[in-house]
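In this chain, numbering begins with 1 at the start of the sequence shown.
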Amino acid sequence: MDENSTEIKNYNFIKNQPLGEDLFKNKSQEKTAIVISEKIINDEDFKIIGIDGEWGSGKSNLVRLIEKKLEKSHKFFVYDVWGHQEDEQRKSILVELTDFIKNEKDLLNKGNEKIWDNKLKFLLAKSKETTTINQPYLSVGFIFSLLSIVYIPTVNVFKDSIKDFFKIESLFWKLILVTFPILIVIGIYFWNVGKYWCKKSGFWKAFKLSAEETFQVYTNKQKEETKIETISEDQPSVRDFQNWMEDINNDLSKPIVIVFDNFDRLPKKHIQNIWSSIHIFFAEKKYSNIKVIIPFDREHIQNAFKELNAVDSKFGDDYVNKTFDIVFRVTKPIMSNWKEFFEANWKKAFLNPDEEELKLVVQVYEFLNRRITPREIISFINEILTIKLLDDNFKERYIAIFVLKKDKILSDPLKAITNLKDVVDGLFHVYSNDSEYAKQLTAIVYHIEVDKALELIYTQELKDSMLKNDVEHFNEICNSDFINAMFYSTILEIDNFENPILTLASVNEKSNVSNHNIKQTWNLFNNRVLQLDSSITKFQISDWQLALIKNTSDDKYLTKLLDSYFNLIDDSNIEQYIDLIDDLLIDLKGELVLNQLVK
């Protein structure tokens, strides 16, 4: 099996990755790769090499070609600018590159691996600034001690000067007053003893725990701390970056090529920043062991710099010319070449390809696809495979039409089938009389069996359009080539007649419904309405009733209505009856109504 494909059953999914092979006949990429690898890469005057080409044109494949040719003399490091668009690009470049060189075997001079390990740790480290505010906390015991220090001398000083010590004569109360702070401590202690004893801690354990808790209030070690931490990641300055790159350059045992890939995918707001960094770090400084390759889409770069100079649409070219020492252009594949490339990949994907089906798919791709690039071709073939795997009865040509026109088809699947010219464009003459087109496309859209596709989907849609009196949708379905195969069978399922009769009366004269089917349907409606047990209570006739009478040759329903109206006549409503008959003479053929009245 091909190494660039993934096999499932009888098919191979093609990996949409750069092969490093030039599969086109003119071999333009091969020639470019030879020039760059043999003449440009080792020239010290060419620091930054540009590869210009539109999206999907094969720029990454060219880079892979160059890498293959230089694999013995150079190491390639690919940095995805799109994948790192939300990162600090300067730091990301250094981190990724440093990690690459220290992990690549024999890329650094011997003995320097440990140094770069430490450097990488330093680069990844975040600087932290901490501000601490301390507030001393005075414990309850400390405050109590301060009060005791003031209390005891005060009592001793004033006990002799105040007469009889506030008239306290008893020695007991004098002792209580003097030893009051000590008594409080003793009281707290016995309170704690009782508390721990009640918890069944035992006497000696309660004694010990109470002593610890009682005197713990006198500790003064608690402090209230407020810490403010500021963590920052510094973006390396221009000097830091250049010094770092210089250190890498000096420690390399083999030259490296840095590829800044996926500029095509990068939003324009990020392009200017990364572009200026690359210019400063690489275009303005030479490194003996480092070269840079940048694949880019010139139009995308011009759009990114357009806001700096809206007048000159080519303003971005100045940045391109100033940054690159040399630019190579990836050419578009020649028409004959792309068909060979397409067929070669198709045969990788389909193990037993139908040659006729392949020709039709190529025809569809050529007519309906606006951009033809190697990447687009591979994506297209893989998408066809994803649908083909759902049902092997899906034919590739119809899948190709769906893949290329799916937005238009999915917005209105019925219109895509009935007005296929809007979908297949220049291939209308090929598919206008194709009886398989409607079934295949419907089956592909709804992922159902091909043979049951029209019946499952459009039977219900036809029925719904009649029940809702959706005349526009009804006529759209009636314009399809398959309408006669399902029309009458769908009508048989309808048991509510008012809206369906009005809808049928509005059928487009140019519809594809046969006269036989229309006549048969009117007769069906007429017979079923006659079977309804509906009593007439007013002198009124509805539009649907008039439509039914006008479109059937049988006069039984009209006779039934006129008999019912006649039976309602009394002295109070004779005028209403006459007015109704006058209206019927106007709306219907006068002779038809008069004949029934005479009877």
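Between F296 and V327 there is a side-chain heavy-atom pair separated by less than 4.5 Å. Proximity of I483 to I477: side-chain heavy atoms (C-beta onward) are separated by under 4.5 Å at one or more points. In this structure the side chain of I381 never reaches within 4.5 angstrom of the side chain of Y11, judged on heavy atoms. Contact of the V424 side chain with the F367 side chain is not registered, since no non-hydrogen atoms from C-beta on lie closer than 4.5 Å. The shortest side-chain heavy-atom distance between W544 and N469 does not fall under the 4.5 Å cut-off. By the 4.5 Å heavy-atom criterion applied to side chains, E30 and K69 are counted as neighbours.
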Practice prompt. Show your working on ring pair (Phe, Tyr, Trp, His ring centres under 6.0 Å) between W338 and Y365 and close with a plain yes or no.
Written response: CA-CA 11 Å; W338 80 255; Y365 190 75; 5.6 Å; yes
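In this view, Y557 satisfies the ring-ring contact (aromatic ring centres under 6.0 Å, His included) rule with no residue, not counting sequence neighbours. Take N515 and apply the side-chain contact (heavy atoms from CB on, under 4.5 Å) test, not counting sequence neighbours, and it matches no residue. Remark: E396 pairs with K388 by the salt bridge (Lys or Arg N to Asp or Glu O under 4.0 Å) rule, at least two apart or across chains. Residues forming a side-chain contact (heavy atoms from CB on, under 4.5 Å) with N479 (at least two apart in sequence, or on another chain): S511. Taking D425 as the reference, K405 meet the salt bridge (Lys or Arg N to Asp or Glu O under 4.0 Å) condition, with sequence neighbours excluded. For K47, the side-chain contact (heavy atoms from CB on, under 4.5 Å) criterion is met by K286, D325, not counting sequence neighbours. Among residues two or more places apart in sequence or in another chain, the ring-ring contact (aromatic ring centres under 6.0 Å, His included) test is passed with F77 by F100. Residues satisfying the side-chain contact (heavy atoms from CB on, under 4.5 Å) test with I518, not counting sequence neighbours, are V507, V513, W522. Checked against ring-ring contact (aromatic ring centres under 6.0 Å, His included), F328 has no partners two or more places apart in sequence or in another chain. Here E104 pairs with K75 under the salt bridge (Lys or Arg N to Asp or Glu O under 4.0 Å) rule; sequence neighbours left out.
Here F263 and W275 bring their ring centres to under 6.0 angstrom of each other.
For residues 481-491, the side chain to side chain donor-acceptor pair (under 3.5 Å) pairs, not counting sequence neighbours, are N484-S514, N484-N517. Each ring pair (Phe, Tyr, Trp, His ring centres under 6.0 Å) pair with one or both residues in residues 451-484, not counting sequence neighbours, appears once here: Y458-F482.
Remark: the backbone N or O of I41 is paired with a side-chain donor or acceptor of K291 at under 3.5 angstrom. One N or O on the side chain of D264 and one on the backbone of D297 form a donor-acceptor pair closer than 3.5 Å. Here the side chain of E357 pairs a donor or acceptor atom with the backbone of R397 at under 3.5 angstrom. When atom types are taken as modelled, the side chain of N419 and the backbone of D422 share no donor-acceptor pair closer than 3.5 angstrom. Remark: side-chain polar atoms of K421 are not paired, donor with acceptor, to backbone N or O of F428 under 3.5 angstrom. No side-chain donor-acceptor contact under 3.5 Å links H74 to the backbone of E71. Listed for the N499 side chain is a donor-acceptor partner under 3.5 Å among the backbone atoms of L467. A donor-acceptor distance shorter than 3.5 angstrom exists from the side chain of S465 to the backbone of L462, with no hydrogens or angles considered.
Counting non-hydrogen atoms of neighbouring residues, nucleotides and ligands closer than 6.0 angstrom, the CG atom of N508 exceeds 12 such neighbours. Around the NZ atom of K415, the shell of radius 6.0 Å holds no more than 12 heavy atoms that belong to other residues, nucleotides or ligands.
Between K359 and E343, no side-chain nitrogen of the basic residue sits less than 4.0 Å from a carboxylate oxygen of the acidic one, so the salt-bridge criterion is not met.
Nearest heavy-atom pair, Q440 versus N393, reported as atom, atom and distance to 0.1 Å: NE2-O, 3.2 Å.
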